[in-house]
Amino acid sequence: MVCQLTATELADKLRKREVSVREALDECLARIRRVDPDYSAFLHVSEEAAIVEAASAQKLIDDGEGGPLTGVPLAVKDNMCTSGLPTTCSSKILEGFVPPYDATAIAQARSAGLVIVGKTNLDEFAMGTSTENSAFFPTRNPWNPDLSPGGSSGGSAVAVAAEMTQLSLGSDTGGSIRQPASLCGIVGFKPTYGRVSRYGLIAFGSSLDQIGPFARTVEDAALMSSVLSGHDPLDSTSQKDSQIDVTGLKKGSLKGLKVALPKEFHSDSIEPGVREALDFAIDALKKEGVEFTEVSLPSIKLGVTTYYIIAPAEASSNLARFDGVRYGPRVEAGTDHIGMVSATRGRLFGHEVKLRIMVGTYALSAGYYDAYYHRAQQVRRLMADEFERTFKDFDLVMGPTSPCVAFPLDSEDLDQMALKLMDYCTIPANMGGFPSISIPCGLSNGLPVGMLLNGPVNGDERLLQTAHAIERALPHGHKRPPMP
Amino acid sequence: MMVPMSISLDEVRHVARLARLELDDAELMTFQGELNALLGHFEDIQSIDTAGLDPKPHAVALKNVWALDVPGKTLQREDALRNAPASKAGLFIVPTIIEE
């Protein structure tokens, strides 16, 4: 059974010719056909293009030119431009859009021989934490289809958790890779800002957005990050020498590892079951020689506010490009240009997207700029400085990824504000730009709990190495959902 | 600086116009409620002493990113126009902006 293998195991079988790329792809497509009607992870399955890519990948392997992931199927969040494949951001305003070019991350995945099998569902323009803000349909959690997979990269998380693909790509602006990874019981990694090119990632919050992988193991996530990373002249925020080197991945040691536990992560809002699972994992790591110290990082409490000013402000500017002129449908209204643009945007953007555009426009408007945007950027400095100081004394800053396990779809107890407040553990890494990974650490009431590990800016290699060692030391790590 | 305790319906209408969002009266009222709820949550950063803190506009600051001024590969015109809702003679078509 190909689908249950890790990416590393599958790539190994492909290299040894125990399985052909086409056979692996066919099993993957069959699994999508069989289980995706229950979960709705995919917006678009690109079977024909994938068959062509599988043949090219097979040729790479046959010619001895394959890399560590050549021939492995890949699912892609539908906010990354894929040449020839629809890209909608789960929005009606991009319905029918077929990009004429590949995002750099996609181009790099293709040239490494990964086979793109389809585009996955998300909260519209990546704005949300449940994947319910998709304009098309919600995605369901394989641990229980009545529950949300988290978001915004819910489709990509479910593709991997439900064993439809070994790997998938997400984007993370405030936790959109790590939170769904946590709620679906898999690994989700947000690299340091600037290590993976954002060229062709449809921008939400440009100073926060980062592409990263979902996988079932840290090793798979590390290999995928290595493929995605590297300097890109097409993204002026891309760092030089940004390739993530994973050659030392398995050399991590836990003995003497210094871990900070901010008490602000362990606030009253954390569910008792999440707390218990995390404490259990912490005890197991103490036995391996990890040293834990409780610290206080008070700015964590200001993260949600700061994020909900900065991200909408950037979004209100970025989403100005959707005007019914160059791409997407147009709503004809009135006779003038502004009438057409306003009708197109007013009728084709979903409610949450319009709300964030309104918040951002207001926060940037004359008279309020200093009180909101300027001040939020000062608080962002405060947060980044606090974490930077902590990383001088500690190897990692650890906490829960999400204060709760997967929650019901259409929950009446959770309004949009409650959903927004869930991001407080993941937001600091976007504010400070540092790398952050969620790994499964146990179950609470039969649902996965994620452990969040943060490292210093450009400490991606060390963070992955440590996460790999921690993954191996945890008694209750990755588990399969109870699914067909 | 003082921040407003609440935002009026006229201000919501003004912001929607700035953002080029056509909203009907019911939507404007919904957004008024939601914006006021969010602004209420934003009050926690108003009491923070931010004196002397440099704003941090980016996650990882870079300086002087240069690109050589040489022609590169670009999209062909027909590829750039392919997704447009209206195009003609190699151009995007929009409603009249300036009357003759």
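Model, not experiment: these values are computed from the prediction. The sequence lines fix the lettering, A, B, ..., with proteins before strands; numbering per chain opens at 1.
- Note: A:S342 leads A:S207, A:S342, A:A429 in heavy-atom pairs under 4.5 Å with chain B.
- Only the side chain of A:M340 comes within less than 4.5 Å of a heavy atom in chain B; its backbone stays farther off.
- Contacts between B:E27 and chain A at a heavy-atom distance below 4.5 Å involve the side chain alone, from C-beta outward.
- In this model, a donor atom of one side chain and an acceptor atom of the other lie less than 3.5 Å apart for A:D460 and A:T192.
- No side-chain donor-acceptor contact under 3.5 Å links B:E22 to the backbone of A:R345.
- Interface residue A:K420: only side-chain heavy atoms are found under 4.5 Å from chain B.
- The backbone N or O of A:F204 lies less than 3.5 Å from a partner atom in the side chain of A:N318, making a donor-acceptor pair.
- The aromatic rings of A:F125 and A:F322 sit tilted relative to each other, their planes meeting at an angle between 30° and 60°.
- A distance of 13.0 Å separates OG of A:S176 from CD of A:Q210, quoted to the nearest 0.5 Å.
- Using a 4.5 Å cut-off between heavy atoms, A:V457 touches chain B through its side chain atoms alone.
- The CD1 atom of A:I309 lies 10.0 Å from the CG atom of A:L364; values are rounded to the nearest 0.5 Å.
- Checked against ring pair (Phe, Tyr, Trp, His ring centres under 6.0 Å), A:F387 has the following partners two or more places apart in sequence or in another chain: A:F434.
- For B:L23, the part lying near chain A is the side chain, with the backbone staying farther off; criterion is any non-hydrogen pair under 4.5 Å.
- At a 4.5 Å heavy-atom cutoff, B:S87 makes no contact with chain A through either its backbone or its side chain.
- For B:A67, no part sits under 4.5 Å from any heavy atom of chain A, backbone or side chain.
- Both the backbone and the side chain of B:F42 come within less than 4.5 Å of a heavy atom in chain A.
- Note: A:G346 leads A:A363, A:A384, A:G432, A:G346 in heavy-atom pairs under 4.5 Å with chain B.
- Interface remark: A:L208 contributes no atoms to any contact with chain B (heavy atom separation under 4.5 Å).
- B:R77 places a side-chain N or O within donor-acceptor distance of the main-chain N or O of B:G90, the cut-off being under 3.5 Å.
- Highest contact tally toward chain A, considering only B:D79, B:L35, B:T30, is held by B:L35 [criterion: heavy-atom pairs under 4.5 Å].
- Put simply, the side chain of A:S365 does not reach to within 4.5 Å of the side chain of B:H14, judged on heavy atoms.
- Between chain B and the options A:L319, A:T344, A:T306, A:V359, heavy-atom pairs under 4.5 Å are most frequent for A:V359.
- When heavy atoms are compared at a cutoff of 4.5 Å, A:N458 does not approach chain B at all.
- Side chain of A:Q239 to backbone of A:Y193: a donor-acceptor contact under 3.5 angstrom is found.
- The contact between B:I45 and chain A is made by backbone and side chain atoms together, counting heavy-atom distances below 4.5 Å.
- Residue A:Y373: no heavy atom, backbone or side chain, is found under 4.5 Å from chain B.
- Of the possible polar contacts, none joining the A:S317 side chain to the A:A313 backbone as a donor-acceptor pair under 3.5 Å is found.
- B:N83 places a side-chain N or O within donor-acceptor distance of the main-chain N or O of A:V98, the cut-off being under 3.5 Å.
- Counting heavy-atom pairs closer than 4.5 Å to chain B, the top residue among A:K354, A:H374, A:M431, A:M383 is A:K354.
- By number of non-hydrogen pairs under 4.5 angstrom with chain B, the leading residue of A:D323, A:V379, A:V325 is A:V325.
- Note: A:G328 leads A:G96, A:G328, A:S316, A:P99 in heavy-atom pairs under 4.5 Å with chain B.
- Contact of A:S236 with chain B is made through backbone and side chain together, with heavy-atom distances under 4.5 Å.
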